[in-house]
Protein chains: 2
Amino acid sequence: MKELKQDRKSRYTRMVLRDSLVELMKTKPITKITIKELCENADINRSTFYSHYSNQYDLLNSIEEETLSWAKKSISYLMDKHDIQETKNILLEMFKSIKENSQHLQVLMSEKGDIDFQKRLFALIYEECGINLAAGEHKDEDMNESYFVFVVNGSVGLIQHWLKNGMTKSAEEMADIIYQFTFAREPNEMK
Amino acid sequence: MKELKQDRKSRYTRMVLRDSLVELMKTKPITKITIKELCENADINRSTFYSHYSNQYDLLNSIEEETLSWAKKSISYLMDKHDIQETKNILLEMFKSIKENSQHLQVLMSEKGDIDFQKRLFALIYEECGINLAAGEHKDEDMNESYFVFVVNGSVGLIQHWLKNGMTKSAEEMADIIYQFTFAREPNEMK
DNA sequence: TATTATATTGACACAGTGTTGTTTTTGCAA
DNA sequence: TTGCAAAAACAACACTGTGTCAATATAATA
């Protein structure tokens, strides 16, 4: 009981540190960010940092984990509540989230982010959608796995490209494009 | 004249430093590699390092540039000399090179490498092949650009996956798979 | 052999790291 | 309100790595 209440301060500190890192990552890669400047930016004592995280990468990792679990929750919420079963709509919601909602998400998805996180996020999206990509289209299991890897990486690259170039396309267009490249066998099926 | 001959020592030093970095990158990410250990590993004085490169990333970049120009030369050689116009055969040769030839290339393409280098390499391959991916297949220029981005990233991801998992597939199989995902509209066209 | 470019060496001040012990602040409960 | 823990702030520590410099040594070659 005590522990839960006492968390408040801790949680505030962690939040400030997370925001500070994300803010700095907008301007430079994490490799160039020192713990010292991270703490000065957050107005947190450097010693305090060490009582929560062991280094920059540990902190980044905790942000990633948090974001992944948020994404997982968002997707299952979409699937349950709104009875949206179509992959395209889920993709669309994800794109809207990336574009509008989360400061963190934009940085994490950008070139400055961790490519592994991005792959994990998209693997999660596709898997959470319960879709075996192009199932039956290919001869064997190996081919399906290869196609999954190919499509996840292609999708992530497209998002990065989108974010990097100022997001001139709408979320709808992006969802449409990714859907076509990934799921649709016939072009012009949607729209 | 003088300059050319005097290069010898310099070039040796640079080569040793490059090999040293690649060797260390097999065991840890470049972010964890200090200039100090890099020089100790190469048996080169730390001060000497600074007279050639400004830091680890500068050194890595020079390796990447060298590799890219090697790749460019290899491809144009293949295109010119042997009159191989078929994309698939060029892809196959590339995969053989990756698998057999270059120690450096394996590290650069691995997860420990620089993702940007990997994208540059594949963009180069596709462009050098003179292939406008799926030209005319899609409605507009935007769509073609998106498809290019998607396919380059998908290919790079697949290679990484291949290298990471011990290259169980043959170079032929990999060329086949990438060809199908990228160029072929009908599955089972080749083989 | 003398010249010249380069590498080596050791020293320097300086940044950032990770830890420890002490003091201050905070939230909550008696 | 006061007192009690828990957490944060603070200051000091030794340590590692950084970047630069000036003096010296070592090769190749003219």
Side-chain angles (χ1 to χ4, degrees), chain A residues 1-66 107 112-114, chain B residues 1-66 107 112-114:
Chain A
M1 197 184 284
K2 281 178 186 177
E3 294 157 8
L4 288 175
K5 295 279 183 178
Q6 293 290 151
D7 267 347
R8 272 193 204 171
K9 219 167 165 185
S10 283
R11 280 191 292 119
Y12 171 79
T13 301
R14 279 193 281 267
M15 188 200 70
V16 175
L17 285 173
R18 278 192 236 114
D19 289 348
S20 173
L21 179 60
V22 169
E23 194 182 331
L24 290 173
M25 281 178 73
K26 287 176 190 168
T27 67
K28 57 171 94 175
I30 193 168
T31 58
K32 296 287 176 191
I33 298 174
T34 64
I35 295 172
K36 194 190 177 199
E37 72 174 323
L38 178 62
C39 292
E40 278 169 0
N41 186 251
D43 202 29
I44 292 289
N45 191 281
R46 197 165 60 82
S47 297
T48 307
F49 176 92
Y50 287 108
S51 64
H52 292 281
Y53 306 101
S54 56
N55 54 46
Q56 307 96 307
Y57 309 99
D58 184 31
L59 171 55
L60 175 61
N61 192 59
S62 84
I63 298 173
E64 291 178 351
E65 289 304 324
E66 190 191 38
V107 171
K112 279 150 195 143
D114 167 15
Chain B
M1 198 180 286
K2 284 176 186 176
E3 295 155 8
L4 287 177
K5 295 280 184 179
Q6 294 290 152
D7 267 346
R8 273 192 203 171
K9 221 168 165 185
S10 283
R11 280 192 292 117
Y12 170 79
T13 301
R14 279 193 281 267
M15 187 200 71
V16 174
L17 285 173
R18 276 192 239 115
D19 289 348
S20 173
L21 180 60
V22 169
E23 193 183 332
L24 289 174
M25 282 178 73
K26 286 177 189 167
T27 67
K28 56 171 94 174
I30 192 169
T31 59
K32 296 286 177 192
I33 299 173
T34 65
I35 295 172
K36 194 189 178 199
E37 73 176 322
L38 179 62
C39 292
E40 278 169 0
N41 187 250
D43 204 29
I44 292 288
N45 190 282
R46 196 166 60 83
S47 297
T48 307
F49 176 92
Y50 287 106
S51 64
H52 292 282
Y53 307 100
S54 56
N55 53 47
Q56 307 97 307
Y57 308 99
D58 184 33
L59 171 55
L60 175 60
N61 191 60
S62 85
I63 298 174
E64 291 178 351
E65 289 304 325
E66 190 191 38
V107 170
K112 278 149 196 147
D114 167 16

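So you know, we letter chains A, B, ... as the sequences are listed, proteins then strands, and number each from 1.
- Atom CG of B/Asn55 and atom C1' of D/dG17 are 14 Å apart (whole Å).
- Between the CG atom of B/Leu38 and the P atom of D/dG19 there is a distance of 12 Å, given to the nearest Å.
- D/dA27: glycosidic angle beyond 90° from 0, hence anti.
- At whole-Å resolution of the value, CG in B/Leu59 and C1' in D/dG19 are 17 Å apart.
- Side-chain contact between A/Glu66 and A/Arg14: absent, with no pair of heavy atoms (C-beta onward) separated by less than 4.5 Å.
- For A/Ser47, taking side-chain heavy atoms from C-beta onward, the closest of the listed nucleotides D/dA11, C/dT17, C/dA11 is D/dA11.
- Nearest nucleotide to the A/Lys36 side chain, out of C/dG16, C/dG18, D/dT18: C/dG16.
- In a base pair of the Watson-Crick type (N1 to N3 plus N6-O4 or O6-N4) or a G-U wobble (N1-O2 and O6-N3), with each distance short of 3.5 Å, C/dT1 is matched with D/dA30.
- Heavy-atom distances under 4.0 Å link DNA chain D to no residue of residues 18-34 of chain A.
- The OH atom of A/Tyr12 sits 14 Å away from the C1' atom of D/dA7 (whole-angstrom rounding).
- Atom pair A/Asn45:CG and D/dA12:P shows a separation of 13 Å (rounding to whole Å applied).
- To the nearest 0.5 angstrom, B/His52 atom NE2 is 7.5 Å from B/Ile44 atom CD1.
- In this structure, CD on B/Glu40 lies 10.5 Å from CG on B/Asn45, to the nearest 0.5 angstrom.
- Taking CG of B/Leu60 as the start and CG of B/Asn55 as the end, the distance is 10.0 Å to the nearest 0.5 Å.
- The distance between atom CZ of A/Arg11 and atom C1' of C/dG27, rounded to the nearest whole Å, is 13 Å.
- For B/Ile35 and D/dT18, the CD1 to P distance is 5 Å, given to the nearest whole Å.
- When all heavy atoms of B/Ser54 and B/Phe49 are compared, the closest pair comes out as C-CE2, 4.2 Å.
- Contact annotation: B/His52 side-chain N/O to C/dT6 OP1/OP2 distance is not under 4.0 Å.
- Set against D/dT18, C/dT17, D/dA8, the side chain of A/Ser51 has D/dA8 as its closest nucleotide.
- Looking at A/Arg46, its side chain comes within 3.5 Å of the base of C/dG18 through a donor and an acceptor atom.
- The nucleotide whose nearest atom lies closest to any side-chain atom of B/Tyr50 is, among D/dG19, C/dG18, D/dA8, D/dG19.
- Two residues are said to be in side-chain contact when any heavy atoms from C-beta on lie closer than 4.5 Å; B/Leu24 and B/Leu38 meet this criterion.
- In this structure, D/dA12 forms a base pair with C/dT19, meeting either the Watson-Crick or the G-U wobble geometry with both donor-acceptor distances under 3.5 Å.
- If you take CG of B/Asp58 and C1' of D/dT18, they are 15 Å apart, rounded to a whole angstrom.
- To the nearest 0.5 angstrom, A/Leu21 atom CG is 5.0 Å from A/Ile30 atom CD1.
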